[in-house]
Amino acid sequence: MKHFLTLADLDSGTLREILELAVQIKQTQRAGTSKAYLADKVLGMIFQKPSLRTRVSFDVAMLQLGGNALYLSPNEIQLGQRESTADVARVISRYVDVVMARVFGHHDVVELAQHASVPIINGLSDYTHPCQGMADFLTILEYKGGFDGKKLAYLGDGNNVATSLLFGAALLGMDYTIATPKHYALHPATWLLGQRLAAQTGAQLVATQDPIEAVTDADVIYTDTWTSMGQEEEAARRRLVFPAYQVNEDKLRRARKDAIVMHCLPAHRGEEITDAVADGPNSAIFDQAENRLHAQKAILVWTLDAA
Ligand code: CP
Ligand code: NVA
């Protein structure tokens, strides 16, 4: 069973294979020659949290590939409350061909995968956001032509998005510098896993508290919200801690001239990113959002062995 729970489960070759498939699927869609890879297949989408990009891009991906998607809201499934996560996995497997789940605790997607008889795709957990990661590396590939010797700088919270970037960069041989405030770094076990993956590719991984060190000579500057879904009660405290990590014109000037700026969205403009940068000439943010669609088509086709 090919589950898609974290990029760290993949090897470099598989990650590159899915990226190449995404490139090919995007090209054929643009040319009007795309194949109905998933004719008559049904995707079940379990959401414990809100979503624009994940919900709509998975739905449209299934439609464009000849299949269907079912949106299941937090109120419907009530994962682990109305019935056990294991029973949800066993039952939904009898109806659909593949499941995407957006959850609070990562253990929930792991448990779904343990008990499902169809592939489970992690559509964001508190640990990692691998579908976002695939779209991010597809975007970097398009803008930069490759990963080798390129520097990806992430500024802000050591969160789920920072984690998928760590694993992807490590597997693809891209240098990754993450600048976070004290107490908001990636978990040491996450960092260790990233280092283990990087040992195979030679990717240079740097963790610092200095945002200027991170953006200097960067090819890509990336940021995300300071307060992730589920942490809302910490928002006021976080707003005091993070301002030095804002992606703004001063930071952008220190990067390479052709650097791109990325954000997984939703953005909190004026907090982690300024309007001038988000809407400026270096911004790749909306191409990146579009790439969720193309990358997830490749993920779906890969999990279902439908290439
Ligand atoms: N980037 C992302 O996952 O967006 P949504 O929360 O809108 O799905
Ligand atoms: N880190 C953010 C990403 C949203 C797509 C969150 O988990 O809320």
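For this chain, numbers begin at 1 and follow the sequence in order. When a ligand or atom number is given, it counts from 1 through the structure's own listing order. The figures here come from the full heavy-atom set of this structure, side chains too, leaving out hydrogens, waters and symmetry mates.
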Are any protein N/O atoms closer than 3.5 Å to the N/O atoms of ligand 2? If there are, list each pair with names and the distance to one decimal place.
unit_1: ligand 2; atom_1: 1 (N); unit_2: Asn159; atom_2: ND2; d: 3.4
unit_1: ligand 2; atom_1: 1 (N); unit_2: Asn160; atom_2: OD1; d: 2.9
unit_1: ligand 2; atom_1: 1 (N); unit_2: Asp224; atom_2: OD2; d: 2.7
unit_1: ligand 2; atom_1: 1 (N); unit_2: Ser228; atom_2: OG; d: 2.7
unit_1: ligand 2; atom_1: 7 (O); unit_2: Asn160; atom_2: ND2; d: 2.8
unit_1: ligand 2; atom_1: 7 (O); unit_2: Ser228; atom_2: OG; d: 3.4
unit_1: ligand 2; atom_1: 8 (O); unit_2: Met229; atom_2: N; d: 2.8

Legend entry - atom 4 (O) of ligand 1 [closest protein heavy-atom partner, distance rounded to 0.1 Å]: Arg53 NE, 2.7 Å
Inset, instruction - Can you spot which of Asn160, Asp157, Leu265 makes a side chain to side chain contact (heavy atoms under 4.5 Å, CB included) with Asp224? - result: Asn160
Legend entry - Min side-chain heavy-atom separation Arg238-Tyr184 under 4.5 Å: yes
Inset, instruction - Could you tell me whether Arg55 and ligand 1 have an N or O pair separated by under 3.5 Å? - result: no
Legend entry - Protein contact of atom 6 (O) of ligand 1 - nearest heavy atom, named by residue and atom, plus distance: Arg102 NH1, 2.8 Å
Legend entry - Shortest protein contact, atom 2 (C) of ligand 1 (heavy atom only): Arg292 NH1, 3.2 Å
Inset, instruction - Over 60° means perpendicular and under 30° means parallel, so classify the ring planes of Tyr176 and Tyr154, tilted if in between. - result: tilted
Legend entry - Ile121 side chain near His3 side chain, heavy-atom distance below 4.5 Å: no
Legend entry - Gln132 and Arg292 side chains, donor-acceptor separation under 3.5 Å: yes
Inset, instruction - Could you label the plane-to-plane angle of the His106 and Tyr127 rings as parallel, tilted or perpendicular, counting under 30° as parallel and over 60° as perpendicular? - result: perpendicular
Legend entry - Polar proximity ligand 1 side, Leu124 side, N/O cut 3.5 Å exclusive: no
Legend entry - Side-chain heavy atoms of Met134 within contact of Gln296, under 4.5 Å: no
Inset, instruction - Just jot down the ligand 1 atoms closer than 4.0 angstrom to any heavy atom of Leu52, in number order. - result: 5 (P), 7 (O), 8 (O)
Inset, instruction - Pick, from Ala289, Ala267, Ser51, the option with the minimum heavy-atom distance to atom 5 (P) of ligand 1. - result: Ser51
Legend entry - Heavy-atom check, side chain of Phe47 versus side chain of Ile77, under 4.5 Å: no
Legend entry - Gln48 side chain vs Phe104 backbone, donor-acceptor pair below 3.5 Å: yes
Inset, instruction - Would you check whether Met229 has a nitrogen or oxygen atom less than 3.5 angstrom from a nitrogen or oxygen atom of ligand 1? - result: no
Legend entry - Nitrogen or oxygen atoms of Leu265 and ligand 1 under 3.5 Å apart: yes
Legend entry - Thr223 and Glu272: side chain donor to acceptor below 3.5 Å: no
Legend entry - ligand 1 contact by Lys49, heavy-atom criterion under 4.0 angstrom: no
Inset, instruction - Please check if any side-chain donor atom of Glu76 sits under 3.5 Å from a side-chain acceptor atom of Ser73, or the reverse. - result: yes
